[in-house]
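Being a predicted model, the structure only gives us computed values, none of them experimental. Side chains included, hydrogens not; waters and symmetry mates left out as well; all remaining heavy atoms used.
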Amino acid sequence: MTDEPSQPDQRPNAFGLIRSDFARGGAAIRRGLARARSTPAGASLGFAWLFRPFERWIDPFKAEPDAKPPRKALAFIWFFMKQAPGPFALLIGLSLMMAIVEVGFYAGVGLLVDLLASANPQTLWTDMPWLFAIILGAMLIRMVAPMVNALIVDLTIVPAVFSMVRWQLHRGVLRQSYSYFQDDFAGRIATKVMQSGPSVGDFLLIFIQGFGTFAIYGIASIGLFAALDWRLALLLSVWFAAYFTAIYVTVGPIRERSRQQSNARAVVNGRIVDSYTNIQTVKLFAGTKHEDGFIKDAIQQQIGRLWAVGHYVVGLRIVLALLSSALMLGAVLICISLWQAGMMTVGAVAIVLGLILRLNHMSNFISQQINNLYRELGTIQDTIDTACQDVLVTDKPDAHPLPPIGGRIRFDDVRFTYGGRAAAVHGVTLDIAPGEKIGFVGRSGAGKTTLINLLIRLYDLDAGRILIDGHDIADTTQETLRRAVSVVTQDTSLLHRSLRDNIAYGREFATDEQVIAAAKRANAHAFIGGLSDAAGRTGYDAHLGERGVKLSGGQRQRIALARAILKDAPVLVLDEATSALDSEVEAQIQTALDRAMEGKTVLAIAHRLSTLTEMDRIIVMDAGRIVEEGSHDSLLARGGLYAKYWNRQSGGFIRAEAAE
């Protein structure tokens, strides 16, 4: 079973494999239990006491804090299976019991046929009471087992185990380094996380209740056939060997192609999400047809991957169908020969043919599930490749929290490159006093933003150190480091949550009064009062849409400024923080910015040089190095690169030719 609406429920269970009336009865029971649970009437009938233990059996959010799933598919599956041993052990026990009960049931029916052929009708019930007791017991077990199966699967495994897998993978992905998210589609990563739970759960259910039941059923049948005649046992043993050999031979090719197909499906999803997320760009540049082609190409690749899987699956199903036909034919011929020779009773023939028919039904159903099994295995491996990569930026085992700081910062011969390419920061040494306000100037690619990203440890240094109040940031925890720094960037991203949640994001327990005060200081309170969303929420309760698309660029930056003001960290970073504001609005909030910067160490990046004239010091960077530093007036007097920028700027911005 899967809770994904786009994928129909194809999960087998012990009874679905044999397509008996009891399977349909089990499905009806599951539906009835689900309906009963979802209605007040169900609770009044007393079902709650039955449901509650299964609902509470597994806590999906209880996990080892540092647990990391293995990188191999089967080990990955076992990693999660062993976190829910009870439900899966009970399912295995049910499968084992039901396989034995089914075989015993057919044996009892065969004995009953022989009994009816020779027994006295008047003493039938007293001649072999144990036989009727066995048949009745088997029927009772077949009735109760679907109920237990439904409780385990639908109230424990699907809600809890599926969610447990997703939750643990999500926690791992969320702790990935910043560069991890720069190299992939967010939609593709989300697809991998969301499909992980159903893939692991469905694989285990198919394997336990499908292949596991089939194997146990076969072993029990071979034992029963051996008691009847060695030739029947040999026939069934050879058939099973050929059956599983055919499956084994195709495991590798189907698994790899299923992994490729899963990746292709995630690419389709990622491209679609990318188009929807950037819908404004699509509309502004009339890119509808371009996006059609972009996504069509991904869908065509997915179709090709589906065909590649289908070739092997169809070929395997043809081979298994031929093997099943051969088994049936061989069993009929042997049974007739033995009966003709007086070596087998009619009841024994009924046992053999009944079991063979059931094995054929199970075999057909298993062959239909092979594609699902391999698809889930391929999906799991593809999920591992995406979601279980090593984290590049990690805390040291002995990392300590950064204590309260005054804001002294030192860059000590800092060196960094992106993936071994040309140096982004090369030998930067810089001391910043507590409360000092530093402006950074330079053309695009000079290393300004990279230096800030290194300060908040989005990347690890190649060489050198960064110290805050004497503490090497490499020795502190990332969480406490980033709590000490407020950052307002040029590309302001807001969460699709309420205005209140967005402003208070850096200060979780802020009061409404504190949120409103911060918004007022950022000159955002006035426009917030006029906001509303499709759900009818207004003002600070209104949701902003993905990445804050309902707001203008200037409005988004004012919300980001309010968030930084409320966070009130001792270090404030402004990376083109007013670039989306017009001159009038910028003038309105400049006083608020001045107040927000009071007593804080400030690092401000701007191409509009007029915004940096009041900084205590201006750092001029070029090609990853500091080439000039000083006050605005002293740099102008020096007549160097900064003076060149200032003299050639247009409207307060550095023009591209100024860097030549």
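- Without hydrogens or angle criteria, R257 side chain to P253 main chain gives a donor-acceptor distance under 3.5 Å.
- Defined by atom type and a distance below 3.5 Å, a donor-acceptor pair is present between the side-chain atoms of E376 and S199.
- Counting only N and O atoms by type, the side chains of Q301 and R305 include no donor and acceptor under 3.5 Å apart.
- Distance alone, capped at 3.5 Å, is enough to place a donor-acceptor pair between the Q381 side chain and the A73 backbone.
- Judged by distance alone, the side chains of N453 and T450 never bring a donor and an acceptor atom under 3.5 Å apart.
- In this pair, F244 and F214 present their aromatic rings tilted. The plane angle is within the 30 to 60° band.
- D533 has a carboxylate O that lies under 4.0 Å from a charged side-chain N of R537, or vice versa, which qualifies the two as a salt bridge.
- Here CG of L357 is found 13.0 Å from CE of M362. Values are rounded to the nearest 0.5 Å.
- In terms of heavy-atom proximity, A264 sits nearest to Q302 at CB-CA, 3.7 Å.
- Across all their heavy atoms, R71 and Q389 have their closest contact at NH1-CA, 4.0 Å.
- Between D390 and K68, at least one side-chain N (NZ, or NE/NH1/NH2) sits under 4.0 Å from a carboxylate O, which counts as a salt bridge.
- Looking at heavy atoms from C-beta onward, L323 lies out of side-chain contact with L327 at the 4.5 angstrom threshold.
- Around the OH atom of Y180, the shell of radius 6.0 Å holds more than 12 heavy atoms that belong to other residues, nucleotides or ligands.
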(message) Would D475 and D398 count as a side-chain contact (heavy atoms from CB on, under 4.5 Å) here? Give the steps.
(response) CA-CA 8 Å; D475 297 329; D398 58 347; 5.8 Å; no
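- There is no side-chain donor-acceptor pair under 3.5 Å between T379 and Q195.
- Salt bridge annotation for D297-R271: present, with a cationic side-chain nitrogen under 4.0 angstrom from a carboxylate oxygen.
- You'll find the side chain of D501 stays beyond 4.5 Å of the side chain of L495, heavy atoms only.
- Proximity of a side-chain donor or acceptor of R457 to a complementary backbone N or O of Q478 within less than 3.5 Å is not detected.
- Annotation: side chain of T156 is not in contact with side chain of L151 (no heavy-atom distance under 4.5 Å).
- Shown here for V485 and I456, the closest heavy-atom pair between the two residues is CG1-CG2, 3.8 Å.
- The side-chain heavy atoms of S179 and L392, taken from C-beta on, include a pair separated by under 4.5 Å.
- Using modelled atom types, one finds a donor on one side chain and an acceptor on the other under 3.5 Å when comparing T449 with D575.
- Looking at S363 and S324, their side chains do bring a donor and an acceptor atom within 3.5 Å of each other.
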(message) Pair H290, I295 - check side-chain contact (heavy atoms from CB on, under 4.5 Å), show working.
(response) CA-CA 9 Å; H290 175 79; I295 294 168; over 6 Å; no
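- The shortest side-chain heavy-atom distance between L74 and L377 falls under the 4.5 Å cut-off.
- To the nearest 0.5 Å, atom CG of residue N502 and atom CZ of residue R497 are 7.5 Å apart.
- With hydrogens and angles disregarded, no donor-acceptor distance shorter than 3.5 Å links the side chain of T394 to the backbone of V391.
- Below 30°, between 30° and 60°, or above 60°: for W57 and F54 the angle between ring planes is above 60°, a perpendicular geometry.
- Aromatic ring orientation, F76 versus F80: perpendicular (interplanar angle above 60°, classes split at 30° and 60°).
- Relative ring orientation between Y459 and Y418 is described as perpendicular, the plane-to-plane angle rising above 60° on a 0-90° scale split at 30° and 60°.
- In summary, the side chains of T477 and D395 do not present any donor paired with an acceptor at a separation below 3.5 Å, with no hydrogens or angles considered.
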